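To start, the structure itself, in structure tokens.
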Protein chains: 2
Amino acid sequence: MATIDDVARTAGVSTSTVSYVLSGKRPISAPTRARVERAIEKLGYRPHAGARALASARTNVIALMAPLRVGVSVPVIMQFVAGVVTRARDFDHDVLLLTQDDVSGLDRVTGGSMVDALVMMDIEADDPRVPLVAAAKQPTVLIGLPQDPEGLSCVDLDFEAAGRLAVRHLAQAGHADVALIGSPPEVLRRHTSYAERMMRGLRDQARSSGVTVKVEACDSSPAGAATAVDALLSTAPDTTGIVVHNEGALPHVLARLAERGLVVGTDMSVVAVCPRDVALSQRIPMTSIDLPAEDIGKVAVDMVMARLEGEQPSETRLLAPVLTERDSSAPGPAADVG
Amino acid sequence: MATIDDVARTAGVSTSTVSYVLSGKRPISAPTRARVERAIEKLGYRPHAGARALASARTNVIALMAPLRVGVSVPVIMQFVAGVVTRARDFDHDVLLLTQDDVSGLDRVTGGSMVDALVMMDIEADDPRVPLVAAAKQPTVLIGLPQDPEGLSCVDLDFEAAGRLAVRHLAQAGHADVALIGSPPEVLRRHTSYAERMMRGLRDQARSSGVTVKVEACDSSPAGAATAVDALLSTAPDTTGIVVHNEGALPHVLARLAERGLVVGTDMSVVAVCPRDVALSQRIPMTSIDLPAEDIGKVAVDMVMARLEGEQPSETRLLAPVLTERDSSAPGPAADVG
DNA sequence: CCGGATCGTCGAAGCGGTTCAACACGCTAG
DNA sequence: CTAGCGTGTTGAACCGCTTCGACGATCCGG
């Protein structure tokens, strides 16, 4: 591999000049720049990342900590990841991937100066990683909200608003009894905050819209979905509107409703909270509140980069939910008959 | 951040001694080692990754190039990734994540010495990335097979054997007319080799088992699956055994079969080629040939690490397929009646 | 015609590790 | 008693790049 000295020699300039051509931090005359660039081209020179990191205290790498295994729905994770990686490239950064459970990885990458910044997904209410990154010298952005987001940078969908929006949509369509089929019990147990925020919004809006709301936790398996649907329909048989906030369970919920002879979009209105493509790949196109995972990932990177440049203060950003009506929801019992 | 010199000073030794304590490359007496370790502990010292990379020409990072977007099924990708990341940690390496389409990323990370080695997923027959990594100084392992794997390291499921196994299973169960519902057309168009290897094995075994085999490409959408099923059943109405090699389409294929009044596991035997958990989360537990994505990822890392240590020659490893009988396959028309 | 900016370039000092040759020391063998 | 050896430790060179202070040249106004 050619070094910067090789380039300098073949261009007939000093190494610092080459460095300045590369970084643009000092003015270089056009002819000199041209000679240097020709030399770089000719030698196929690539700056050594380690040397650069050592000298400049910048790695141009950000760490992304993602849950590679359980619970959270896989397509959603991938979209977050895709968003983060592509946006990072826009800032000329690469992404180092850490798994959620590798808590010591935080120390490793921050303490070892392997990365300039961190993005962490799937934050729990009382997340053990939060104090660690708060102590790190690298800025961090959390995807999801911990108990106390004070002084931290966070992004997420505004699930509380999403809950309100879903209920408002159903209530306005004339549904008087609605339900949530939500996250698996273990997610609730971990107090992943989105589930709780969702429920809060749901209940708020139910109260002010004057509708009843029943909540069922739901395993992502076919059996779990069946159990939840059955439980719901036996304890709240008047339910005509369901919000499903569980991508994994969604197809199985729909299957169970069908098995019980309920036609979604006619007998039962269903609003899904999930990524657009998941909503579109069900047996019928689902009315849904989009979970813009890729966008959230991108925003996370934008925020972390902002903090890396200027000394932006930390902030938490909640993205407004958007509901798209498709074929799975329809007017309910109390609807004005046009 | 404390440096190695700080540690040396507080331990009362030279920096090289600290370095040797850390690396174990020279014998250090117990008392000295203890003093150094205490100092490290006390100062919370972490070696600077960049400095280390510069001096040792080793980054302890491997690059993983994964398709973060289309085509290939998302859960499978995640399992590959999870396998790679966890196994990399066993070798004290971290993972830098590149997207498939970021071809220039290869140059960047190899030329810039950002990584010690590479793992690339989703290799196509005539993959443009192959010549690039072949020219790189870092060893590379491909997940999937290019046209000519000569001189390259590759891992994959032995799809040809999987095809044979699937047909043999169905043929032995008494099915005389079988079919493949396979990858989306665009995957075939890219000549991703697994699809072709699968078909080859399928046809080979069909010939020697004396059964007919019909092949349908299949989009992963509900509509695509319906089209494929309908086409199959109209052009080959005698089909009683289907191999589905398309995780995304699998649920929709099953749904369409049900819509047409065919009971899977009775009227129609279906063998899925997919990860175990996908097979288990369908409407009924599927007889399947496991696609051990996580294992493949791990093997890829093992191979790449082996090449990093000794000067192992490159090799290609095909994992033997395993078929697990569950509820979606049953004896067919020609079965001996017990 | 001179003093002082301005512009472009350079030299050298780090950045924080690894590693090699060398050395001090206490032993054993001759 | 000395030559020779192994063990444990050290000093210093080096890895490839960034960046700061300085310097020569050119240009301006006075």
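Computed from a prediction, not measured in an experiment: that's the story for all the values here. Letters A, B, ... mirror the listed sequences (proteins, then strands); counts begin at 1.
Computed from coordinates, the A:K25 NZ to C:dG8 C1' distance equals 18 Å when rounded to whole Å. Between the CZ atom of B:R52 and the C1' atom of D:dG16 there is a distance of 18 Å, given to the nearest Å. Rounding to whole angstrom units, NE2 of residue B:H48 and P of D:dC17 are separated by 16 Å. The separation between B:D5 atom CG and C:dT18 atom C1' is 12 Å, rounded to whole Å. The separation between A:R9 atom CZ and D:dG16 atom P is 11 Å, rounded to whole Å. A straight line from CE of A:M1 to P of D:dG16 spans 11 Å, rounded to a whole angstrom. Regarding B:D6, its CG atom lies at a distance of 9 Å from the P atom of C:dG16, rounded to whole Å. Atom CG of B:L43 and atom P of C:dG16 are 14 Å apart (whole Å).
Across all strands, B:R46 comes closer than 4.0 Å only to sugar-phosphate atoms, never to a base (heavy-atom distances). The residue B:V13 sits close only to the backbone: its heavy atoms come under 4.0 Å of sugar-phosphate atoms, none of a base. Counting any heavy atom pair closer than 4.0 Å across all strands shown, A:S19 reaches a base atom. Within 4.0 Å of A:S23, counting heavy atoms only, lies no atom of the nucleic acid at all. Contacts of A:T3 with the nucleic acid, taken as non-hydrogen atoms under 4.0 Å apart, involve only primed sugar atoms and P, OP1 or OP2.
Residue A:E309 places its CD atom among more than 12 non-hydrogen atoms of other residues, nucleotides or ligands, all under 6.0 Å distant.
Closest to the A:S14 side chain, of the nucleotides C:dC10, C:dC15, D:dA12, is C:dC10. Closest to the B:A55 side chain, of the nucleotides C:dG16, D:dT9, D:dC17, is C:dG16. Ranking D:dG16, C:dT18, C:dC10 by closeness to the A:L54 side chain, first place goes to D:dG16. Taking the side chain of A:I4 as heavy atoms from C-beta on, and the options C:dT18, D:dT18, D:dG11, the nearest nucleotide is D:dT18. Of the candidates C:dG16, C:dT19, D:dC17, the closest approach to any side-chain atom of A:Y45 belongs to D:dC17. Distance from the side chain of A:S16 is smallest to D:dT19 among C:dG17, D:dT19, D:dT9.
Comparing B:L22 and A:P27 against DNA chain C, the residue whose closest nucleotide sits nearer the 5' end is A:P27.
Heavy atoms only, all atoms of each residue included: A:L68 and A:T99 are closest at CD2-CG2, 3.5 Å.
For B:R26 and D:dG6, a side-chain-to-base donor-acceptor distance below 3.5 Å is absent, hydrogens and geometry of angles not being considered. Put simply, the side chain of A:Y20 and the base of D:dC20 share a donor and an acceptor less than 3.5 Å apart. Scanning atom types as modelled, no donor and acceptor separated by under 3.5 angstrom connect the side chain of A:S29 and the base of C:dG8.
For A:S56 (side chain) and A:R52 (main-chain N/O), a donor-acceptor pair under 3.5 Å exists by modelled atom type. In this structure, the side chain of B:K137 engages the main chain of B:T110 through a donor-acceptor pair within 3.5 Å.
Side chain to side chain, B:S19 and B:S16 fail the donor-acceptor criterion of an N or O pair below 3.5 Å.
A salt bridge is defined here as a Lys NZ or Arg NE, NH1 or NH2 lying under 4.0 Å from an Asp or Glu carboxylate O, and A:D158 with A:R197 fails to meet this definition.
An OP1 or OP2 oxygen of C:dC15 is reached within less than 4.0 angstrom by no side-chain nitrogen or oxygen of A:S56.
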